[in-house]
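Quick notes on the structure that follows.
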Amino acid sequence: MLLREVHHRVKNNLQIITSLLNIHDKQIQNNDPHKVINDIRMRVRALALVHRYLYEGSDVRLMNLKPFLTELAQMLVNSLSSPDRRISLNLDIPNVTVQAERGVSIGLLVTEAITNSLKHAFPHNRPGRITLQVIRKGPTSATLVIADDGVGMQGKQPPEDQPTPTNLGTQLIHGFASQLGTEISVLEDSGTRIELDLNLAPSGREEPGLVPAQ
């Protein structure tokens with residue numbers, strides 16, 4: 001049964017990769033192919049990280065968000081930043097668990113949100129900060145927050161004489177939120193702040209939804 005579950009999850013994630021390739025196939029005519037390939041590579045690396053944390057854990061049905069999101073956020077900032085950009089990362093993530101399938105959607109959503117911030121929130125080597133938080137609301141509920149102190153959505157708009165481009169990252173964020181059975185809220189206040197509700201998995205330990213710190 002466990003092996004069957006592993007094969008099922010791998011099949012699902014390969015389907016996600018196929019869908020991402022299909023989406024990018026439509027985008028590549030209007031974009032730099034190298035940038036498109038880098039975007040695909042980053043999303044596949046996020047999926048690979050999900051698998052590593054699942055199969056290194058004690059229960060492949062559950063994922064502890066703290067080490068996973070910490071490494072994912074650091075990987076994204078290190079990969080998409082440069083020494084002259086001075087982008088700091090503020091992490092506030094408790095040891096909470098989610099069902100494995102939710103972990104996939106959460107990881108891809110966070111990848112899109114942080115990537116969007118790194119690409120658009122800090123133009124002209126502007127310094128800034130990206131914050132990733134999981135705020136626990138109850139034994140099996142929490143709020144995920146991805147925020148930056150950049151130029152905000154208004155500052156990311158093109159000049160009036162240019163059409164507004166379709167933001168693939170934003171579309172994917174809403175799509176992954178839908179997979180989680182929730183909706184995102186976007187707040188504009190000295191940057192961009194994305195929030196969405198999460199359902200935590202009872203761990204069967206001392207307190208539901210928690211995993212003891214390592």
Side-chain angles (χ1 to χ4, degrees), residues 2-28 31-81 89 91 93 95-120 130 132-134 142 144-146 167-182 184 194 196-201 211:
L2 181 59
L3 184 59
R4 191 175 295 116
E5 171 68 19
V6 170
H7 284 310
H8 175 71
R9 190 164 297 139
V10 170
K11 182 196 70 156
N12 287 346
N13 287 347
L14 288 174
Q15 288 176 338
I16 291 174
I17 294 173
T18 300
S19 297
L20 290 172
L21 289 171
N22 289 337
I23 292 172
H24 281 292
D25 184 52
K26 300 174 183 178
Q27 300 280 325
I28 200 167
N31 294 278
D32 182 348
H34 296 289
K35 291 182 179 179
V36 174
I37 291 172
N38 284 335
D39 288 344
I40 296 171
R41 181 183 295 115
M42 193 61 61
R43 289 162 180 141
V44 172
R45 287 179 67 186
L47 274 174
L49 197 62
V50 170
H51 276 270
R52 178 158 69 81
Y53 274 97
L54 283 176
Y55 302 137
E56 287 181 355
S58 58
D59 188 337
V60 297
R61 298 168 300 176
L62 301 175
M63 173 182 288
N64 183 357
L65 288 182
K66 181 173 184 176
F68 166 62
L69 290 182
T70 297
E71 183 170 349
L72 177 62
Q74 291 172 341
M75 178 188 76
L76 292 168
V77 171
N78 291 338
S79 298
L80 298 174
S81 261
L89 185 60
L91 300 173
I93 307 167
N95 282 296
V96 294
T97 60
V98 294
Q99 297 291 338
E101 293 300 331
R102 290 181 174 274
V104 174
S105 297
I106 292 169
L108 291 173
L109 187 152
V110 168
T111 297
E112 298 303 328
I114 292 181
T115 299
N116 269 3
S117 290
L118 289 169
K119 285 184 175 181
H120 306 297
I130 294 174
L132 179 60
Q133 290 178 293
V134 176
L144 174 65
V145 177
I146 311 109
N167 190 325
L168 176 60
T170 300
Q171 292 179 1
L172 290 173
I173 288 171
H174 284 278
F176 294 131
S178 179
Q179 289 180 1
L180 292 166
T182 186
I184 66 169
I194 295 173
L196 69 153
D197 294 328
L198 296 179
N199 291 325
L200 305 180
V211 173

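Reckoned from all heavy atoms, side chains included, excluding hydrogens, waters and symmetry mates. Just so we're clear, the structure is a prediction, and the values are computed from it rather than from any experiment.
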For the student: nearest non-hydrogen atoms of [X] and [Y], plus distance:
X	Y	answer
M42	S79	CE-CB, 3.5 Å
L144	L69	CD1-CD1, 4.4 Å
M75	A46	CE-N, 4.4 Å
A177	L196	CB-CD1, 4.5 Å
I114	A73	CD1-CB, 3.8 Å
V77	L118	CA-CD1, 3.9 Å

Just distance, no hydrogens or angles: give the donor-acceptor pairs under 3.5 Å from side chains in residues 102-111, sequence neighbours left out.
residue: R102; atom: NH1; partner: L180; partner atom: O; Å: 3.0
residue: S105; atom: OG; partner: Q179; partner atom: OE1; Å: 2.9
residue: T111; atom: OG1; partner: G107; partner atom: O; Å: 2.8

(request) Could you walk me through whether L47 and R43 pass the side chain to side chain contact (heavy atoms under 4.5 Å, CB included) test, one step at a time? (result) CA-CA 6 Å; L47 274 174; R43 289 162 180 141; over 6 Å; no

Distance from [X] atom [atom1] to [Y] atom [atom2], nearest 0.5 Å?
X	Y	atom1	atom2	value
I93	Q133	CD1	CD	9.0 Å
E112	K119	CD	NZ	8.0 Å
I146	I194	CD1	CD1	5.5 Å

(request) With sequence neighbours excluded, tell me which residues meet salt bridge (charged side-chain N to carboxylate O under 4.0 Å, His left out) with R52. (result)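 Testing R52 for salt bridge (charged side-chain N to carboxylate O under 4.0 Å, His left out), a comparison that skips the adjacent residues, returns E56, E71.
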
(request) Check the pair F68 / L49 against side chain to side chain contact (heavy atoms under 4.5 Å, CB included), numbers first and verdict last. (result) CA-CA 7 Å; F68 166 62; L49 197 62; 4.0 Å; yes

If we only count heavy atoms from C-beta on, is the [X] to [Y] side-chain gap below 4.5 Å?
X	Y	value
L91	L89	yes
T97	M63	no
I173	N116	yes

(message) With a 3.5 Å distance limit and no angle check, can you tell me whether S178 reaches the backbone of H174 through a side-chain donor-acceptor pair?
(response)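 The answer is no, because no donor-acceptor pair under 3.5 Å joins these two groups.
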
